[in-house]
Amino acid sequence: MAKRLIPCLNRVLVEKIVPPSKTTAGILLPEKSSKLNSGKVVAVGPGTRDNSGKTIPVAVKEGDTVLLPEYGGMEVKLGEKEYHLFRDEDILGTLHD
């Protein structure tokens, strides 16, 4: 079984961030109250090529927190962890504190 995946072309490997289901005081939160499709970029491909052969780099880098579409991406399991593979253009934006 593979332990590391390096995406091809303009693909981005993302580990989705699961929001907490209850507060520190133990109050259960409804699923819809904390639903934000975000994830942390684990690996990025080198980018795609334009018509003249120049590489167009991927817009995000490893470690970025990104906003993801509600649907899409390909689910990938590596060992015990679950990741999602998205195209660079499918990522909606980056999240900053």
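Just so it is clear, the values below take in all heavy atoms, side chains as well, and ignore hydrogens, waters and symmetry mates.
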List the steps, then state whether side-chain contact (heavy atoms from CB on, under 4.5 Å) holds for Arg11 with Arg87.
CA-CA 4 Å; Arg11 304 292 199 284; Arg87 290 181 186 265; 3.4 Å; yes
Asp50 side-chain N/O to Ser52 backbone N/O, donor-acceptor pair under 3.5 Å:
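It does hold such a pair.
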Measuring from atom [atom1] of [X] to atom [atom2] of [Y], what distance do you get when rounded to the nearest 0.5 angstrom?
| X | Y | atom1 | atom2 | result |
| --- | --- | --- | --- | --- |
| Ser38 | Leu92 | OG | CG | 11.5 Å |
| Lys61 | Thr94 | NZ | OG1 | 8.0 Å |
| Leu95 | Ile17 | CG | CD1 | 7.5 Å |

If you count the non-hydrogen atoms of other residues, nucleotides and ligands that lie under 6.0 Å from NZ in Lys16, is the total more than 12?
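Above 12, so yes.
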Just wondering, are more than 12 heavy atoms of other shown residues or ligands nearer than 6.0 Å to CD1 in Ile56?
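Check passes, neighbour count above 12.
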Restricting to non-hydrogen atoms, name the atom on [X] and the atom on [Y] that form the minimum distance, rounded to 0.1 Å.
| X | Y | value |
| --- | --- | --- |
| Thr55 | Pro46 | CG2-O, 3.6 Å |
| Glu70 | Asn37 | CA-ND2, 3.1 Å |
| Ala43 | Leu5 | CB-O, 3.8 Å |
| Asp88 | Val12 | CA-CG2, 4.3 Å |

Decide whether [X] and [Y] are clustered together by the hydrophobic rule: side chain heavy atoms of Ile, Leu, Val, Met, Phe, Trp, Tyr closer than 4.5 Å, transitively.
| X | Y | result |
| --- | --- | --- |
| Ile91 | Leu13 | no |
| Val42 | Leu78 | yes |
| Tyr83 | Leu85 | yes |

Flag the pair Phe86 / Leu68 as yes when at least one side-chain heavy-atom distance between them is below 4.5 Å, and no otherwise.
yes
So Met74 and His84, do their side chains get closer than 4.5 Å, heavy atoms only?
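Not touching, per the 4.5 Å side-chain cut-off.
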